[in-house]
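Here is the structure we will look at, set down as structure tokens.
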Amino acid sequence: MDYLPLFHNLKGRNVLVVGGGEIALRKVRLVQQASAIITIVGKEFCADLLAMDASDKEHGCNGLHLITAAYDHSHLLALDQVALMIAATNDHELNRLAASHARAANILANVVDDPGFSTVIFPSIIDRSPIQIAISSGGDAPVLVRLLRTKLEALLPAGLSKLAALAGSFRERVKAKFDSGSDRKAFWEEVFYGPIAEQAYANNLQVAERLLQEKLDATSAFKTGEVYLVGGGPGDPDLLTFKALRLMQQADIVLYDRLVSAEVLNLVRRDATRIYVGKTAGDHPVTQENINQKLVEYARAGNRVVRLKGGDPFIFGRGGEEIETLAAEGIPFQVVPGITAASGCASYAGIPLTHRDHAQSVRFIAGHLRSGEMDLNWPELVQPNQTLVFYMGLSGMETICRSLKAHGLAASTPAALIEKGTTDQQRVFVGDLDSLPSIVRDAGAKAPTLIIVGHVVSLQSTLAWFNIKE
Ligand code: SAH
């Protein structure tokens with residue numbers, strides 16, 4: 001190991017910065033966040049440093065002192081107990097000279113972009129205070145460090161700070177309750193890996209605090225169950241949200257639908273019990289009431305239950321009905337949106353749903369037949385400059401195309417059907433209201449399919465980008 005990572009407490013301590021330009025500014029901002037008292041020596045100062053200084057004075061903070069001068073040794077000698085020097089001018093020799101003064105006095109020194117002359121180097125920082133992650137390549141591969149940082153940033157919930165702060169406020173109470181370190185560890189693991197953490201991430205801090213207190217008060221091992229209604233998107237697992245993935249990976253039980261792709265289901269925690277509740281489940285389809293009841297039962301038994309649905313749970317997904325039951329029964333729940341079939345299929349087919357030249361609005365329509373009929377407000381659907389997206393429309397496609405024509409849409413209005421959108425089996429069929437039904441019939445398209453009608457469909461031939469067969 002070339003460098004030992006340590007976290008430096010600079011609160012109220014002196015830091016000397018040599019240089020007043022943009023590079024110094026970046027370091028000053030960091031050091032200021034750590035509440036140091038900063039003296040900056042520079043021949044001149046950039047506008048942002050001057051503004052920081054003005055604001056510091058205005059608020060009476062007294063944390064920033066600017067000295068307009070060329071740096072020399074006297075500036076270091078004049079300060080009491082300097083904790084850190086940062087040399088950040090664009091003059092390499094001057095930076096090295098300043099660093100040598102610091103080293104001689106056993107003061108930590110950082111020379112910007114010159115690790116060889118530094119005793120300490122600045123890491124790349126992910127700040128979810130009080131949680132902090134510092135990454136460094138010792139100066140060897142800063143771009144790689146930046147990439148890693150982006151990856152880690154994406155993995156860490158934005159609410160991590162709130163959770164850590166909440167844990168901090170309970171630390172003493174938990175210590176007082178559990179004598180043994182391993183009991184404390186088990187307690188905190190349950191907190192950080194379940195509904196209490198999720199409530200904190202969802203910014204429901206009072207609920208999280210109450211649950212944490214209840215958990216602490218409970219004498220035996222107390223477990224609160226919760227239901228997560230999660231949108232699994234249209235098929236491509238890359239379209240899951242970070243939150244969906246996180247909850248899927250902590251689930252005890254997963255209830256999933258026919259529309260959830262195998263690739264998405266694969267991302268559920270290995271040990272979780274998976275229960276298929278698809279609407280076409282063999283001879284005994286699971287009724288909606290039955291599903292609602294199961295969710296309540298499993299959560300009451302203390303499980304983290306993921307109800308995984310295709311697309312978005314609130315778009316033709318009966319998500320509302322399921323959580324109404326949970327709400328009535330007092331079971332905590334959360335809803336995680338997913339990419340709905342219309343967004344997923346349109347993007348992956350190369351059909352923008354709106355476009356300034358073609359459509360200023362878009363409608364999502366349930367296009368299924370009810371006893372051979374489709375009860376829709378057709379005059380509204382044939383208004384100009386709008387895109388129509390029909391879900392569940394495969395068997396009713398002829399009725400859809402015929403009715404739209406009968407109510408005034410031109411037979412030449414472009415229309416497309418997307419089969420198994422966003423998956424590697426995606427097929428896109430393009431025609432118009434006259435031709436699409438026979439094109440689709442001849443190709444033997446199978447559900448799930450989505451129908452898009454409107455002039456935006458004419459863009460597909462130029463904008464297609466996914467799963468293109470040459
Ligand atoms: N909640 C889901 C929709 C459920 S209704 C969502 O937001 O996407 C089921 C209908 O969604 C299917 O009949 C089909 O029209 C559409 N659908 C879902 N996934 C699809 C996919 N990968 N490709 C095409 N259509 C899809």
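One-based numbering, in listed order, for ligands and for the atoms of each. Computed from a prediction, not measured in an experiment: that's the story for all the values here.
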Within less than 4.0 angstrom of ligand 1, does Thr422 place any heavy atom?
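No, Thr422 has no heavy atoms under 4.0 Å from ligand 1.
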Ligand 1 contact by Lys420, heavy-atom criterion under 4.0 angstrom:
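Flag set, Lys420 near ligand 1.
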Assess, by modelled atom type and distance only, whether the side chains of [X] and [Y] contain a donor and an acceptor separated by less than 3.5 Å.
{"X": "Gln206", "Y": "Gln199", "result": "no"}
{"X": "Thr340", "Y": "Tyr391", "result": "yes"}
{"X": "Arg173", "Y": "Gln213", "result": "yes"}

Can Arg149 and Glu153 be counted as an ion pair, charged N to O under 4.0 angstrom?
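Yes, Arg149 and Glu153 are salt-bridged.
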Could you tell me whether Asp183 and Lys177 have a side-chain N and a carboxylate O separated by less than 4.0 Å?
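Here Asp183 does not pair with Lys177 in a salt bridge, since their nearest N and O are not under 4.0 Å apart.
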Shortest protein contact, [atom] (heavy atom only):
{"atom": "atom 18 (C) of ligand 1", "value": "Ala341 CB, 3.6 Å"}
{"atom": "atom 11 (O) of ligand 1", "value": "Tyr391 CD2, 3.4 Å"}
{"atom": "atom 1 (N) of ligand 1", "value": "Ile315 O, 2.7 Å"}
{"atom": "atom 4 (C) of ligand 1", "value": "Phe316 O, 3.2 Å"}

Regarding ligand 1, does [X] bring an N or O atom to under 3.5 Å of one of the ligand's N or O atoms?
{"X": "Met392", "value": "yes"}
{"X": "Phe390", "value": "no"}
{"X": "Gly310", "value": "yes"}

Evaluate the side-chain contact (heavy atoms from CB on, under 4.5 Å) criterion for residues Asp236 and Glu263: first the C-alpha distance (whole Å), next the side-chain angles of each, then the deciding distance (0.1 Å), finally the verdict.
CA-CA 7 Å; Asp236 181 352; Glu263 288 84 355; over 6 Å; no
Hey, can you tell me if Phe187 and Phe178 have their rings parallel, tilted or perpendicular (30° and 60° cut-offs)?
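Ring orientation of Phe187 relative to Phe178: tilted.
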Proximity of Leu259 to ligand 1 by residue part, where a heavy atom lies under 4.0 Å
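Answer for Leu259: side chain.
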